Amino acid sequence: MSEKLSTAAHWGIYEAECDADGEAVIRPLAGDPDPSRLSDNLDDVKQSRARIATPLVRESYLADGPASREQRGRERFVPVSWDTALDLAATALEDTRSRLGNQGIYGGSYGWASAGRFHHAQSQMKRFLNLIGGFTAARNTYSSAAAEVIINRILGGGDMINSGFDWDEIHDNTDLMVCFGGMPLKNAAIDPGSTGPHIDRPGWEHCLKRGLEVISISPIRHKDDNRPDVAWLAPRPNTDTALMLGLAHWLITHDRIDRDYLDRCCVGADRLIAYINGDSDGVVKSPAWAADITGLDAGTITGLAERMASQRTLIVIAWALQRADHGEQPFWMAVALAAMLGGLGKPGQGIGIGLGTFNNYGAGRLPFRNAAFPQGKRGVDAFIPVARVADMLLNPGTTIPYDGQQITFPEIGTVWWTGGNPFHHHQDLHRLCEALRRPDTVIVNDSLFQPTCRLADIVLPATTFLERNDWAASAHGGFFTPMHKLSEVQGDARNDHDIFTATADRFGVRDAFTEGRDEMGWIRHMWGITRDNARRAGRELPDFETFWTGGPLSLPVDNDSSGKLIRQRADPEAHPLRTPSGKIELYSETIAGFGYDDCPGHPAWVEPHDWLGSDEARITPLHLMSDQPTGRLHSQLDPGKASQATKRRGREPVLINPDDAAARGIEDGDIVRLYNRRGAALGTAVVSDRIRPGVINMATGSWFDAEDPGNPASLERHGNPNVLTRDRGCSSLSQGPSCNSALVECEKFTGNLPAMQAYEIPLAT
Ligand SMILES: Nc1nc2c(c(=O)[nH]1)N[C@H]1C(S)=C(S)[C@@H](COP(=O)(O)OP(=O)(O)OC[C@H]3O[C@@H](n4cnc5c(=O)[nH]c(N)nc54)[C@H](O)[C@@H]3O)O[C@H]1N2
Ligand SMILES: Nc1nc2c(c(=O)[nH]1)N[C@H]1C(S)=C(S)[C@@H](COP(=O)(O)OP(=O)(O)OC[C@H]3O[C@@H](n4cnc5c(=O)[nH]c(N)nc54)[C@H](O)[C@@H]3O)O[C@H]1N2
Ligand SMILES: [Mo]
């Protein structure tokens, strides 16, 4: 073969060669300055003990169908033929359609799946479901639901959650970077849709070398932050809004706010100032008030305010802060604080949302769209806010508020999940088990037997990205990668496309689904559309053959997200934002008009349901944080080498402060049990002063492994924090996930260490 072989994952672009035995040898893109350690998980894409070899049906579903629903998660699976599995799936869809209509099919199927524009698992499923009349969908993401909703309302446009800052701009224009959430460069390993060279760590180090001053504000000190030239402030979790209000109070009382900018480019500053001064509620949001809530000194807060007012300051805010009760507030207040400082709309100043959240996040975008596998026309309009899935399954017919609308939960007969793992991403997992025992049928497509498969009736084995042809395009930075088939398909696995083609056949819509194209036909077609889009925007992409044989390529990107605020600052009348006022909304008439108690018309300190200052903290006194894992992308390839290397004694590490450990007789390396009223999970203690006392952290992604799924009294043996998190929307506005607001207690585990079963496939044979 003369072509250059390549492939891509969310965590990197890879070049490949075939060795003498015809085996593909895969290595990170040449010139990547900081290749991700997640590459070590690739062995498990080739060969994994958890790989599903053939379609599986839960034992009593095969005998009794939906009547066996209570057995989900408690049973073994029977290997069956594709025909048997797909006939059962088609019958389930038919039954649901006739009993409940198409809205009785839940196809929200949230999840990251794999990189690759054609074999995008959810798009494949949604196209098929639309062709048979539609499905109930999901809106927003687990990543940033609260930010998406609030930023859209106050800055006009969801694209404004992209930081819009690249490292060169920061290098040249920023004196002080105040990072709410720190600078967790572990997260910059990945980027949706494939990652070009990992530029964040070198970019950050370049800026520090130039003398950029950084203050990391986070209950955890990250490995990348943990250096003498980065200052660390560790507030109580979920109290950042109070801290920002305290900073704003100092700016107001010391006449250090940019009145001209607030008048010209924002609306509602006076109402927010009245709230901060206590005119509207009798509570002055002074640094002393903020100190009481955050656990920081008042002097530290005033010192920080003065520095921010005196230097060219960039506020950086991690998405984690909004994955919390009232998660909209710190984002809204961070925008307000940046506006008061007057830095918004100036290069290198203002607010960098999510810088460091993904690799290349500030690097800009291409001025054209990459073709996506077409999902077709929505058959029904029904949708839910994505994180309300268990509420929907448990409470059909109930109505909830969401961003000014009223959403009534439909009754669901069939759930089909592909390319996602709700037993990774959702909260209160025992409750989720209960919820997934309600519908008639649960179907899951995956390559590995991840925990959602265990709760399913029908499990369909999907190919991995190494086993098919595709192409990838990075969401940030302009990278395009041919994804060549590098391994033979294992067992009976099928591409998601082929799974839905065969299902479409059972409904007489096969040709409509495929449009007569095969895999390479679609890839060529989608490349052609992308090339046309590029040409219309004045950019040139090569023809398909040149692309397919030529290896990964890149185009220069445009960096224009902060450009909108720069233009607005220069001339607000000529360049209005897409908000009702055309300006930045520090008070929103629209939100105030919704009348939500839990989300007033301006940013405010609204106590979270679970935090270190709440009554609940007397029973469960530790605030649990559950950040993104360093050794994997979410739960993907958890049995893999990089993921396993982060575990201790095979369990997920629990970061705990020496004071909290000593008070509980816990030593480094001990197995500990975390618990609250929602469940209990095991982990391995890592005792360190890199975490604030009263706070513990267990990263996400260890596969859920409960002794008795659905029973909160049973032990989760592996270390999945979502056994402990609360399943409640951030507020009536966004209804986003609030996993980062959870309290727990921790004790040394003294029983016999139970054997884990997370990676075993419970086969009936
Ligand atoms: N407590 C807590 N919970 C959280 C978070 C947190 O911070 N704290 N973070 C949240 C965030 S930000 C996110 S984005 C979510 C992530 O949640 P998910 O995106 O659901 O997690 P993944 O593990 O990426 O799930 C993807 C699944 O798709 C499968 N897959 C990969 N390729 C294919 C394919 O080609 N076909 C098929 N059929 N399947 C495939 C993988 O094997 C894997 O099981 O988790 C959220 N949950
Ligand atoms: N290696 C790896 N990288 C990833 C992912 C992965 O699974 N693995 N997932 C990717 C995805 S989908 C997403 S959405 C992003 C998520 O990006 P983020 O949401 O930014 O990531 P997290 O790791 O959840 O949190 C980052 C840090 O925020 C801080 N933090 C948490 N709560 C608070 C708080 O209340 N106050 C303050 N001041 N700080 C707080 C903690 O230090 C925490 O470690 O990461 C992406 N990057
Ligand atoms: Mo995410």
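As the structure lists them, so they are numbered: ligands from 1, and atoms in each ligand from 1. Note that the structure is a prediction, hence the values are computed from the model and not measured.
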Carboxylate-amine/guanidinium proximity below 4.0 Å for Asp610 and Arg678: yes
Sub-4.0 Å heavy-atom contact, Arg323 with ligand 2: yes
Option of least heavy-atom distance to atom 6 (C) of ligand 1 (set: Ser635, Ser626, Gly701): Ser626
Location of contacts on Ala324 toward ligand 2, heavy atoms closer than 4.0 Å: neither
For Pro184, atoms of ligand 2 separated by under 4.0 Å from a heavy atom: 26 (C)
Within-shell test, Tyr142 vs ligand 2, heavy atom, strictly < 4.0 Å: no
Option with minimal heavy-atom separation from atom 35 (O) of ligand 1, where the choices are His119, Gln122, Met698, Arg468: Arg468
Under 4.0 Å to a heavy atom of Asn238 - the qualifying atoms of ligand 2, by number: 34 (C), 35 (O)
Nitrogen or oxygen atoms of Ser447 and ligand 1 under 3.5 Å apart: no
Region of Phe358 that comes within reach of ligand 2 [heavy atoms, distance under 4.0 Å]: side chain
Aromatic centroids of Trp703 and Tyr759 separated by under 6.0 Å: yes
Proximity winner for atom 1 (N) of ligand 2, if only heavy atoms of Ser741, Ala189, Pro629, Ala318 are counted: Pro629
For Met625, atoms of ligand 2 separated by under 4.0 Å from a heavy atom: 30 (N), 31 (C), 32 (N), 41 (C)
Pro721 touching ligand 1 at heavy-atom level, < 4.0 angstrom: no
Over-ring placement of Arg51 relative to Phe449, 6.0 Å and 45° cut-offs: no
Any N or O of Asn722 closer than 3.5 Å to N or O of ligand 1: yes
Salt bridge present between Glu652 and Arg632 (N-O < 4.0 angstrom): yes
Identity of the nearest option to atom 40 (C) of ligand 1, non-hydrogen atoms only, from Ala9, Gly420, Gly419, Gly111: Gly419
Proximal ligand 2 atoms for Asp240, defined as those under 4.0 Å from one of its heavy atoms: 34 (C), 35 (O), 36 (N), 37 (C), 38 (N)
Stepwise side chain to side chain contact (heavy atoms under 4.5 Å, CB included) test for Asp428 and Asn722: CA-CA 6 Å; Asp428 200 347; Asn722 278 325; over 6 Å; no
Ligand 2 versus Leu321: contacting region, heavy-atom distance under 4.0 Å: side chain
Among His497, Gln636, Gln124, His425, closest by any non-hydrogen atom to atom 24 (O) of ligand 1: Gln636
Options Ile691, Asn187, Ile220, ranked by nearest heavy atom to atom 47 (N) of ligand 2, top entry: Asn187
Residue of the set Asp638, Asp40, Asp44 for which side chain to side chain donor-acceptor pair (under 3.5 Å) holds with Ser643: Asp638
Glu760/Arg49 salt bridge by N-O under 4.0 Å criterion: yes
Salt bridge Asp470-Arg117, side-chain N to carboxylate O under 4.0 Å: no
Heavy-atom nearest neighbour in the protein, as seen from atom 36 (N) of ligand 1, with distance rounded to 0.1 Å: Asp496 OD2, 2.7 Å
Flag, side chain of Asp200 to backbone of Asn359, donor-acceptor distance under 3.5 Å: no
Aromatic ring proximity, centroids under 6.0 angstrom, Trp611 and Trp605: yes
Lys/Arg N to Asp/Glu carboxylate O, Asp627 vs Lys186, below 4.0 Å: yes
Residue-ligand contact Leu448/ligand 1, heavy atom below 4.0 Å: no
Contact (N/O only, under 3.5 Å) between Ser143 and ligand 1: no
Ring-ring centroid check Trp471 Phe118, cutoff 6.0 Å: no
Within-shell test, Arg632 vs ligand 1, heavy atom, strictly < 4.0 Å: no
Element-labelled atoms of ligand 2 that are located less than 4.0 Å from some non-hydrogen atom of Pro237: 35 (O)
Per-atom contacts, ligand 2 versus His634 - under 4.0 Å to a heavy atom: 6 (C), 7 (O), 9 (N), 10 (C), 11 (C), 12 (S)
Donor-acceptor side-chain pairing of Ser626 and Arg323 below 3.5 angstrom: no
Mode of Ala320 contact toward ligand 2 - side chain, backbone, both, neither (heavy atoms, under 4.0 Å): both
Heavy-atom gap Ala113 to ligand 1 smaller than 4.0 Å: yes
Residue-ligand contact His10/ligand 1, heavy atom below 4.0 Å: no
Close-contact set for ligand 2 against Thr357 heavy atoms, below 4.0 Å: 15 (C), 16 (C), 17 (O), 20 (O), 45 (O), 46 (C), 47 (N)
Nitrogen or oxygen atoms of Thr725 and ligand 1 under 3.5 Å apart: no
Salt-bridge criterion met for Arg728 and Asp325 (N-O under 4.0 Å): yes
From the candidates Asn740, Asp627, Asp446, the one that places a heavy atom nearest atom 43 (C) of ligand 1: Asp446
Interatomic spacing from CG in Leu486 to OH in Tyr14 - rounded to 0.5 Å: 12.5 Å
